[in-house]
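In what follows, every heavy atom counts, from backbone to side chain, and hydrogens, waters and symmetry copies are set aside. Quick caveat, the model's predicted, so the values are computed rather than measured.
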Amino acid sequence: MGAQLRVYKRRIRAVTATKKITKAMEMIAASRIVKAQRKVAASMPYATELTRAVTAVATGSNTKHALTTEVEAPTRAAVVLITSDRGLAGGYSSNAIKQAERLSERLRGEGKEVDTYIVGRKGVAYYAFRERKVAESWTGFTDSPAYADAKRIAAPLIEAIQTETAEGGVDELHIVYTEFVSMMTQNAVDGRMLPLSLDQAVEETGGKGEILPLFDFEPSAEDVLDALLPRYVESRIYNALLQSAASEHAARRRAMKSATDNAGDLIKSLSRLANAARQAEITQEISEIVGGASAMADATAGSDK
């Protein structure tokens with residue numbers, strides 16, 4: 001019985017150590033959520049004004065450009081998938097991957113080839129394990145992305161949208177990321193970055209019924225769009241990275257809190273089992289002592305006769 005008690009005590013010590021780790025990770029994730037939320041809020045005004053500027057150029061000119069012009073029969077699309085570099089975040093990465101799978105199936109159903117670009121080690125590992133082709137991937141910054149990271153991601157995408165499909169280019173750019181709604185709610189969503197439709201631009205800027213001012217473009221509207229194209233793609237990717245980072249921290253905090261609570265419940269259960277084993281051990285020892293005393297008494301009584 002002593003061996004069983006030692007096993008319970010060893011398991012209680014192991015679970016207690018794990019509980020301390022998960023509690024620390026929960027607190028770290030909670031502190032990082034606030035910083036990530038601030039970054040998301042700080043990035044919104046720039047993204048909104050940039051989209052409004054693109055909309056003004058698109059409505060004020062007849063220039064055909066990859067930023068605003070729909071291709072009549074698109075045949076190729078690029079999908080950017082944002083996942084995490086680290087695990088222990090519940091279903092955060094798997095939900096984004098599932099959303100990307102649904103988007104890719106829908107695009108293939110429309111007769112388009114899909115080039116996949118992946119951010120985060122979890123997404124890279126998922127596609128590598130299934131031996132699926134990936135156009136390009138980036139890792140190492142998902143929990144704290146910088147604008148420089150968004151520029152690195154945007155560079156090959158901008159080149160692809162400006163290249164003819166016959167030469168390996170794409171007609172559309174899509175992005176899949178996790179939208180941060182609240183501390184308890186994060187939704188995997190997808191959206192088309194390019195070409196930018198006017199309805200999409202109005203939705204992003206929140207300017208329903210807004211009358212845009214008239215502009216003169218120098219040297220030309222096409223040159224202005226050429227200058228705005230990389231800025232727009234970079235800002236969209238940066239905002240998606242920030243929202244995904246906030247969602248990752250929130251998902252990790254929730255997962256670690258659940259793990260901490262489960263560890264506490266397991267410790268209570270093991271403690272009850274350990275107490276029961278200890279009581280059984282004490283009862284057995286008392287029974288042995290009583291039995292030994294009784295045997296000695298019987299032996300003494302027999303010798304007296």
Side-chain angles (χ1 to χ4, degrees), residues 1-41 81-102 118-126 129 139-145 176-190 239-283:
M1 191 63 68
Q4 187 176 5
L5 182 59
R6 285 194 296 273
V7 169
Y8 287 136
K9 288 184 176 180
R10 190 182 305 119
R11 290 188 63 187
I12 289 173
R13 286 195 298 269
V15 176
T16 301
T18 302
K19 182 180 178 181
K20 291 179 180 178
I21 295 172
T22 56
K23 183 63 178 179
M25 294 181 69
E26 176 190 346
M27 296 175 66
I28 292 171
S31 67
R32 289 179 175 175
I33 292 172
V34 178
K35 296 179 182 178
Q37 283 181 288
R38 290 174 182 170
K39 288 184 177 180
V40 171
L81 167 62
I82 300 177
T83 62
S84 67
D85 285 319
R86 299 184 295 126
L88 301 177
Y92 165 76
S93 292
S94 61
N95 290 337
I97 291 172
K98 289 177 183 177
Q99 187 68 23
E101 294 281 270
R102 287 192 289 268
I118 300 179
V119 178
R121 291 190 179 93
K122 290 299 178 180
V124 172
Y126 178 88
F129 179 76
T139 60
F141 54 82
T142 59
D143 59 345
S144 183
V176 179
Y177 64 99
T178 306
E179 181 184 27
F180 182 86
V181 179
S182 67
M183 296 285 283
M184 297 302 297
T185 306
Q186 302 86 40
N187 299 323
V189 297
D190 64 81
N239 183 264
L241 288 173
L242 292 178
Q243 293 218 40
S244 295
S247 300
E248 178 184 348
H249 295 314
R252 183 168 290 112
R253 173 188 171 277
R254 191 166 59 251
M256 290 301 98
K257 185 180 186 305
S258 178
T260 302
D261 294 342
N262 290 339
D265 294 340
L266 183 56
I267 289 172
K268 290 179 182 178
S269 177
L270 290 172
S271 296
R272 284 194 292 267
L273 292 173
N275 290 336
R278 181 171 175 273
Q279 290 171 0
E281 184 178 351
I282 293 172
T283 301

Chemist: When you compare the side chain of Ile267 with that of Thr16, does any pair of heavy atoms fall below 4.5 Å?
Modeler: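 Side-chain contact under 4.5 Å: yes.
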Chemist: Between the side chains of Asn275 and Gln279, does any donor sit under 3.5 Å from an acceptor?
Modeler: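 No, no side-chain donor-acceptor pair sits under 3.5 Å.
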Chemist: When you compare the side chains of Thr22 and Thr260, does any donor N or O come within less than 3.5 Å of an acceptor on the partner?
Modeler: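 Thr260 and Thr22 do have a side-chain donor-acceptor pair below 3.5 Å.
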Chemist: Can you measure from CZ (Arg6) to CD (Gln4) and round to the nearest 0.5 angstrom?
Modeler: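 Between atom CZ of Arg6 and atom CD of Gln4 there are 11.0 Å.
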Chemist: If I compare all heavy atoms of Asn239 with all of Val40, which pair ends up nearest, and what's the gap?
Modeler: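 Looks like ND2-O, 4.2 Å.
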Chemist: Please say whether more than 12 non-hydrogen atoms of neighbouring residues, nucleotides or ligands are located less than 6.0 Å from CZ in Arg102.
Modeler: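 Yes.
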Chemist: Are the side chains of Ser244 and Tyr92 in touch, meaning some heavy atoms are under 4.5 Å apart?
Modeler: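 Yes - at least one pair of side-chain heavy atoms lies under 4.5 Å apart.
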Chemist: Grab the two heavy atoms, one from Lys19 and one from Gly264, that are nearest each other, plus how far apart they are.
Modeler: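 Closest heavy-atom pair between Lys19 and Gly264: NZ-CA, 4.0 Å.
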Chemist: According to side-chain hydrogen bond (donor to acceptor under 3.5 Å, both in side chains), who are the partners of Asp261, at least two apart in sequence or on a separate chain?
Modeler: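 Only Lys257 meet the side-chain hydrogen bond (donor to acceptor under 3.5 Å, both in side chains) criterion with Asp261.
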Chemist: Could you tell me whether a side-chain N or O of Arg252 sits under 3.5 Å from a main-chain N or O of Ala30, the two making a donor and an acceptor?
Modeler: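 Not at all, since once roles are kept as given, no pair shorter than 3.5 Å links the two residues.
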Chemist: For a 4.5 angstrom cut-off between non-hydrogen side-chain atoms, does Ile82 reach Thr178?
Modeler: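 A side-chain contact under 4.5 Å is absent here.
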Chemist: Identify the two heavy atoms, one from Pro145 and one from Lys39, that lie closest to each other, and give their separation to 0.1 Å.
Modeler: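 Taking every non-hydrogen atom into account, O-NZ, 4.3 Å.
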Chemist: What pairs with Glu179 under salt bridge (charged side-chain N to carboxylate O under 4.0 Å, His left out), at least two apart in sequence or on another chain?
Modeler: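 Glu179 satisfies salt bridge (charged side-chain N to carboxylate O under 4.0 Å, His left out) with no other residue.
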Chemist: Side chains of Phe180 and Leu242: closer than 4.5 Å at any heavy-atom pair?
Modeler: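 In short, these two side chains do not touch, never coming nearer than 4.5 Å.
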Chemist: Can you name the side-chain contact (heavy atoms from CB on, under 4.5 Å) partners of Arg32, sequence neighbours left out?
Modeler: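 Scan of Arg32 (side-chain contact (heavy atoms from CB on, under 4.5 Å), adjacent residues dropped) gives Ile28, Arg86, Asp143, His249.
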Chemist: Does atom CE (Met27) have a neighbourhood of more than 12 heavy atoms from anything else shown, all under 6.0 Å?
Modeler: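 No.
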Chemist: Looking only at non-hydrogen atoms, find the nearest pair between Thr83 and Arg121 and report the distance.
Modeler: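 Heavy atoms only, the tightest pair is OG1-N, 4.4 Å.
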